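What follows is a short report on a single structure.
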Amino acid sequence: MTVLLGGAPRVLRFTAEGATLAVEIPGRTSHAERERAESIARRIFRLEDDLAPFYAALEGDADLAWARCGAGRMLASATVFEDVVRTICTTNCAWSATERMIGALVQLGGGAFPAPEQLAATPERWFSEKARMGYRGPYVREIARRVVHGDLDLERLLPQHGMHADEVEEALLALPGVGPYAAAHVMQLLGYHELLILDSWTRPTYLRKSKKKQAKDSTIRRAFAKYGRFAGLAFWLYLTSHWHEEERDAGNGFHP
DNA sequence: CGTCCAGGTCTAC
DNA sequence: GGTAGACCTGGACGC
């Protein structure tokens with residue numbers, strides 16, 4: 001994948017050998033850039049996220065015991081800013097529109113997702129006319145401007161900074177264009193796994209999987225409350241279990 | 001052609 | 001605190 005390293009788009013190649021993840025960067029790199037690349041890899045693959053307590057709780061779980069092989073490490077972006085903007089681009093539109101908007105953003109960034117500085121400096125016209133982001137454009141641009149201006153530090157929301165989940169949620173909900181769905185989605189990527197991602201895809205998928213005719217959000221939440229601070233992740237794995245069927249059949253999971 | 005709505009959010013009651 | 005309408009866009013659908 002391509003990310004910004006020292007302000008320039010650089011290709012990172014990831015390869016896994018057993019339990020080791022290697023990062024390859026074609027071309028010359030400085031020590032600082034290699035450090036940053038490792039930091040990005042840790043963030044993307046969410047290596048700091050300790051799922052052991054979650055897996056322990058899944059022992060004997062009829063629906064989710066399969067996930068103990070190492071499932072649930074959702075792929076994140078290089079920065080929280082990128083996760084927030086991408087998530088806003090999933091709201092109230094078809095998936096094809098999301099791909100188009102993010103494709104335009106990445107093109108603007110020269111192959112990498114653009115930094116807040118670049119988005120803040122890009123005229124509103126570009127968001128509406130080129131990226132076709134509609135009313136989302138001003139939201140994204142405003143968030144970028146706040147980051148650049150210094151009164152918004154999204155990277156501070158990473159779990160390593162020790163903020164309480166409630167504070168993180170409050171900070172996300174305060175962003176223009178971020179509501180309950182987007183906040184829950186970004187929090188999953190950050191490693192706060194309690195909130196359920198409830199939207200027009202997860203709701204019907206839950207009904208189909210659980211063979212229910214209907215279920216209010218509060219009912220769904222109650223059904224997953226037993227997973228405690230991992231309720232949201234349990235919900236997500238329940239909905240996506242069929243994505244993992246090949247790995248399960250192959251039985252090639254590992255136990256971290 | 002018009003209407004609806006898709007991996008929602010905001011504002012105004 | 002809960003709900004109605006508006007909101008960009010574009011693909012799917014009915015007429």
Side-chain angles (χ1 to χ4, degrees), chain A residues 46 71-77 80-108 113-114 119-120 122-147 152 154 157 166 168-210 212 214-224 231-244:
Chain A
R46 320 245 335 293
R73 215 166 283 278
M74 296 172 70
L75 212 56
S77 302
V80 179
F81 173 73
E82 181 175 341
D83 278 334
V84 167
V85 174
R86 281 178 183 269
T87 299
I88 289 175
C89 291
T90 68
T91 58
N92 195 29
C93 66
W95 194 247
S96 58
T98 298
E99 294 181 318
R100 179 174 42 66
M101 290 184 257
I102 293 175
L105 288 166
V106 169
Q107 190 175 37
L108 178 72
F113 196 90
L119 289 185
T122 299
E124 269 198 50
R125 241 188 6 268
W126 182 89
F127 290 88
S128 57
E129 294 175 11
K130 292 282 185 237
R132 312 294 297 167
M133 289 175 68
Y135 64 83
R136 295 171 201 79
Y139 292 161
V140 167
R141 193 157 176 275
E142 172 60 20
I143 292 172
R145 289 169 66 91
R146 287 188 199 175
V147 170
L152 175 63
L154 290 175
L157 304 182
D166 294 338
V168 175
E169 182 184 3
E170 190 183 349
L172 289 170
L173 290 174
L175 301 174
V178 175
Y181 151 78
H185 191 272
V186 170
M187 287 186 76
Q188 280 297 319
L189 297 176
L190 288 169
Y192 294 93
H193 298 299
E194 185 156 2
L195 296 182
L196 276 64
I197 300 171
L198 290 160
D199 60 32
S200 66
W201 183 77
T202 60
R203 289 188 183 97
T205 302
Y206 174 74
L207 294 181
R208 190 155 40 76
K209 289 252 177 190
S210 64
K212 290 184 197 303
Q214 55 179 340
K216 288 192 291 188
D217 288 355
S218 56
T219 309
I220 303 177
R221 286 198 189 88
R222 203 176 316 129
F224 285 85
L233 184 56
F235 180 56
W236 185 254
L237 288 171
Y238 180 75
L239 298 180
T240 60
S241 60
H242 57 286
W243 294 359
H244 305 267

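What you see is a predicted model; the values in this text were computed from it and never measured. Note on naming: letters A, B, ... go to the chains in the order of the sequence lines (proteins, then strands), and numbering restarts at 1 for each one. Hydrogens, waters and symmetry mates play no part in the numbers below; they use all other heavy atoms, side chains included.
- Atom CG of A:L207 and atom P of B:dG7 are 15 Å apart (whole Å).
- The aromatic ring of A:W95 does not sit over the base of B:dA6; the criterion of centres under 5.5 Å apart with planes under 30° is not met.
- Distance, A:I88 CD1 to B:dG7 C1': 14 Å, rounded to whole Å.
- The listed nucleotides are B:dG7, C:dC8, B:dT9; the one nearest the side chain of A:T91 is B:dT9.
- In summary, the side chains of A:T90 and A:Y181 do present a donor paired with an acceptor at a separation below 3.5 Å, with no hydrogens or angles considered.
- Between A:Y135 and A:Y139, the ring planes are perpendicular. Angles over 60° get that label, and only those under 30° would be called parallel.
- Base pairing annotation: C:dC8 forms no Watson-Crick or G-U wobble pair, as no partner gives both donor-acceptor distances under 3.5 Å.
- Between A:I143 atom CD1 and B:dC10 atom C1' there is a gap of 13 Å when expressed in whole angstrom units.
- B:dC10 and C:dG10 have their C1' atoms separated by 22 Å, given to the nearest Å.
- At the heavy-atom level, A:L239 lies nowhere under 4.0 Å from the strands shown.
- Both A:W236 and A:Y139 sit near DNA chain B, but only A:W236 has its closest nucleotide nearer the 5' end.
- Here the closest heavy-atom approach between residue A:A231 and residue A:E194 is recorded as CB-O, 3.6 Å.
- Spacing between atom CG of A:N92 and atom P of B:dC5 amounts to 12 Å, rounded to whole angstrom units.
- With both ends at atom P, the span from B:dT9 to C:dG11 equals 23 Å, rounded to whole Å.
- Among the heavy atoms of the strands, none lies under 4.0 Å from A:T202.
- Residues A:L173 and A:H185 each lie close to DNA chain B; by heavy-atom proximity, the contact nearer the 5' end of the strand is made by A:H185.
- Counting to the nearest Å, the P atom of B:dG7 and the CG atom of A:D217 are 16 Å from each other.
- For A:T87 (side chain) and A:A182 (main-chain N/O), no donor-acceptor pair under 3.5 Å exists by modelled atom type.
- When the C1' atom is compared between B:dC4 and C:dG5, the two are found 15 Å apart, to the nearest whole Å.
- Rounded to a whole angstrom, the distance from the P atom of C:dA6 to that of B:dG7 is 23 Å.
- Of the possible polar contacts, none joining the A:D83 side chain to the A:V186 backbone as a donor-acceptor pair under 3.5 Å is found.
- Distances shown here put a side-chain N or O of A:R132 below 4.0 Å from the OP1 or OP2 atom of C:dG10.
- Side-chain proximity of A:R100 to the nucleotides C:dC8, B:dG7, C:dG10 is greatest for C:dG10.
- The partner of B:dG7 is absent, by the rule that a Watson-Crick or G-U pair needs both atom distances under 3.5 Å.
- A donor atom on one side chain and an acceptor atom on the other are found under 3.5 Å apart for A:S241 and A:K209.
- The CZ atom of A:F127 sits 16 Å away from the C1' atom of C:dT9 (whole-angstrom rounding).
- Across all strands, A:G134 comes closer than 4.0 Å to base atoms (heavy-atom distances).
- A:R203 comes within contact range of no nucleotide atom at all, as no heavy-atom separation falls under 4.0 Å.
- If you measure from atom CD of A:E169 to atom P of B:dT9, you get 12 Å, rounded to the nearest angstrom.
- Each of A:S96 and A:M133 was matched to the nucleotide of DNA chain C holding its nearest heavy atom; the match closer to the 5' end belongs to A:M133.
- The CD atom of A:E129 sits 12 Å away from the P atom of C:dG10 (whole-angstrom rounding).
- Side-chain nitrogen and oxygen atoms of A:T90 include none within less than 4.0 Å of the OP1 or OP2 phosphate oxygen of B:dG8.
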